[in-house]
Undergrad: 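Quick one: this structure, given as structure tokens, is what I'll be asking you about.
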Number of protein chains: 2
Amino acid sequence: MKSYCKFESALDILVGKWKSVILLQLISNGIMRFSELQRAIPDINKKMLTQQLRELEYNDIVYRKVYSQIPPKVEYSISDYGKGLSTVLQALNDWGEAHSEHMIELYGADRSGN
Amino acid sequence: MKSYCKFESALDILVGKWKSVILLQLISNGIMRFSELQRAIPDINKKMLTQQLRELEYNDIVYRKVYSQIPPKVEYSISDYGKGLSTVLQALNDWGEAHSEHMIELYGADRSGN
DNA sequence: CAGGATCCTCGCGGATACTG
DNA sequence: CAGTATCCGCGAGGATCCTG
């Protein structure tokens with residue numbers, strides 16, 4: 001039997017109400033400014049956006065580039081290291097897709113709200 | 001660019017303070033009774049153990065076998081379907097391991113409490 | 001033995017206002 | 001523009017007691 005002892009810590013890093021959406025945006029759009037992220041995710045507020053971005057930055061998943069100018073300009077992107085997540089994300093995504101099918105088989109209607 | 005739209009729902013299923021520990025136990029020990037799980041995870045209480053098990057059961061990750069007898073006997077195990085998670089778990093675990101190394105490189109000491 | 005029912009706490013997430 | 005600072009509600013998680 002393999003190790004399986006650090007997947008909990010891995011989970012923690014992805015957990016947070018907005019982490020996934022943010023990641024999704026940055027993955028598909030590349031570099032994005034703070035305000036672009038705000039517009040792309042209308043239901044989030046600045047505090048949450050900042051907070052979740054900081055956590056992702058702390059874990060070196062996203063890269064934060066600050067232009068020291070006025071008005072300020074900050075760009076976010078998936079860091080080189082963060083790109084290593086893609087395998088995991090893909091695995092999770094594939095399983096998630098299969099699972100929603102499975103749930104439909106088991107319980108009937110689709111309640112995913114997708 | 002691949003889809004990446006269901007990995008959020010996949011995450012939800014693994015999230016919960018005790019899901020990972022429970023899964024770990026069931027993966028490595030196979031079939032376990034309720035009380036065995038309790039003993040294996042001393043810090044959990046019955047309510048939480050029951051609740052998290054029910055959620056996993058609802059998602060068809062764990063199988064619950066009830067022996068109608070007195071005193072009651074209930075056995076839990078990873079369902080056949082749930083075994084399909086192993087790939088994902090392994091991916092998460094591998095990344096988690098690499099990541100904790102990476103964090104040490106970045107910030108020095110190991111704060112994982114492992 | 002394997003829960004169910006109740007009550008409570010604590011911190012995540014959110015609304016709003018202010019600032020360099 | 002890209003944030004901080006404060007305040008607050010709500011729900012996941014927990015302690016405790018009861019039951020078939």
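Proteins come first, then strands; the chains are lettered A, B, ... in the order of their sequence lines, and each starts at number 1. Excluded from the calculations below are hydrogen atoms, water molecules and symmetry mates; all remaining heavy atoms, backbone and side chain alike, are included.
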Undergrad: Take atom CD1 of B/I70 and atom P of C/dG3, then tell me their distance rounded to the nearest Å.
TA: 14 Å

Undergrad: With distance as the sole test, does A/Y107 use its side chain to make a donor-acceptor pair with the main-chain N or O of B/Y58 at under 3.5 Å?
TA: yes

Undergrad: Can a side chain N or O of B/R33 be found less than 4.0 Å away from OP1 or OP2 on C/dC1?
TA: no

Undergrad: I need the CG-P distance between B/L37 and C/dC1, as an integer number of Å.
TA: 14 Å

Undergrad: If an axis is fit to five pairs at each end of the helix from C/dC1-D/dG20 to C/dG20-D/dC1, what is the angle between the two, to the nearest 10°?
TA: 50°

Undergrad: Take B/W18 and B/Q51 through the side-chain contact (heavy atoms from CB on, under 4.5 Å) test and state the conclusion after the steps.
TA: CA-CA 10 Å; B/W18 302 100; B/Q51 187 186 104; over 6 Å; no

Undergrad: Between A/E36 and A/R39, does at least one N-O distance fall below 4.0 Å, as a salt bridge requires?
TA: no

Undergrad: Reading nucleotides 11-20 of chain C from the 5' end, what letters show protein touch, with B for base, S for backbone sugar-phosphate only, - for no heavy atom under 4.0 Å?
TA: --BBB----B

Undergrad: Tell me whether A/D60 contacts the main-chain N or O of A/G82 through its side chain, where contact means a donor paired with an acceptor under 3.5 Å.
TA: no

Undergrad: For the residue pair A/A10 and A/L14, what are the closest heavy atoms and their distance?
TA: O-CD2, 3.2 Å

Undergrad: Nearest whole angstrom, please: distance from the C1' of D/dG3 to the CD of A/Q69.
TA: 15 Å

Undergrad: How about B/N59 and B/E55: does a side-chain donor come under 3.5 Å of a side-chain acceptor?
TA: no

Undergrad: Mind calculating the distance between CZ (A/F34) and C1' (D/dA2) to the nearest angstrom?
TA: 6 Å

Undergrad: What is the nucleic acid contact for A/Y76, judged by heavy atoms within less than 4.0 Å: base, sugar-phosphate only, or nothing?
TA: sugar-phosphate

Undergrad: Is the distance from OP1 or OP2 of C/dA2 to the nearest side-chain N or O of B/S35 less than 4.0 Å?
TA: yes

Undergrad: Check whether any side-chain N or O of A/S9 sits under 3.5 Å from a backbone N or O of B/G96 as a donor-acceptor pair, and report yes or no.
TA: no

Undergrad: Would you mind reading off the distance between A/Y67 atom OH and D/dG3 atom P, rounded to a whole angstrom?
TA: 13 Å

Undergrad: Expressed in angstrom and rounded to an integer, what is the separation of B/L53 atom CG from C/dG4 atom P?
TA: 11 Å

Undergrad: Ignoring hydrogens and angles, tell me if any N or O in the side chain of A/E75 forms a donor-acceptor pair with the backbone of A/K65 under 3.5 Å.
TA: no

Undergrad: Taking only the side-chain nitrogens and oxygens of B/R54, find out if one of them lies under 4.0 Å from OP1 or OP2 of C/dG3.
TA: yes

Undergrad: Round to a whole Å and report the spacing from CG of B/D12 to C1' of D/dA12.
TA: 14 Å

Undergrad: Before giving the answer on side-chain contact (heavy atoms from CB on, under 4.5 Å), spell out for B/I44 and B/V21 the whole-Å C-alpha distance, their side-chain angles and the decisive distance to 0.1 Å.
TA: CA-CA 10 Å; B/I44 202 175; B/V21 213; over 6 Å; no

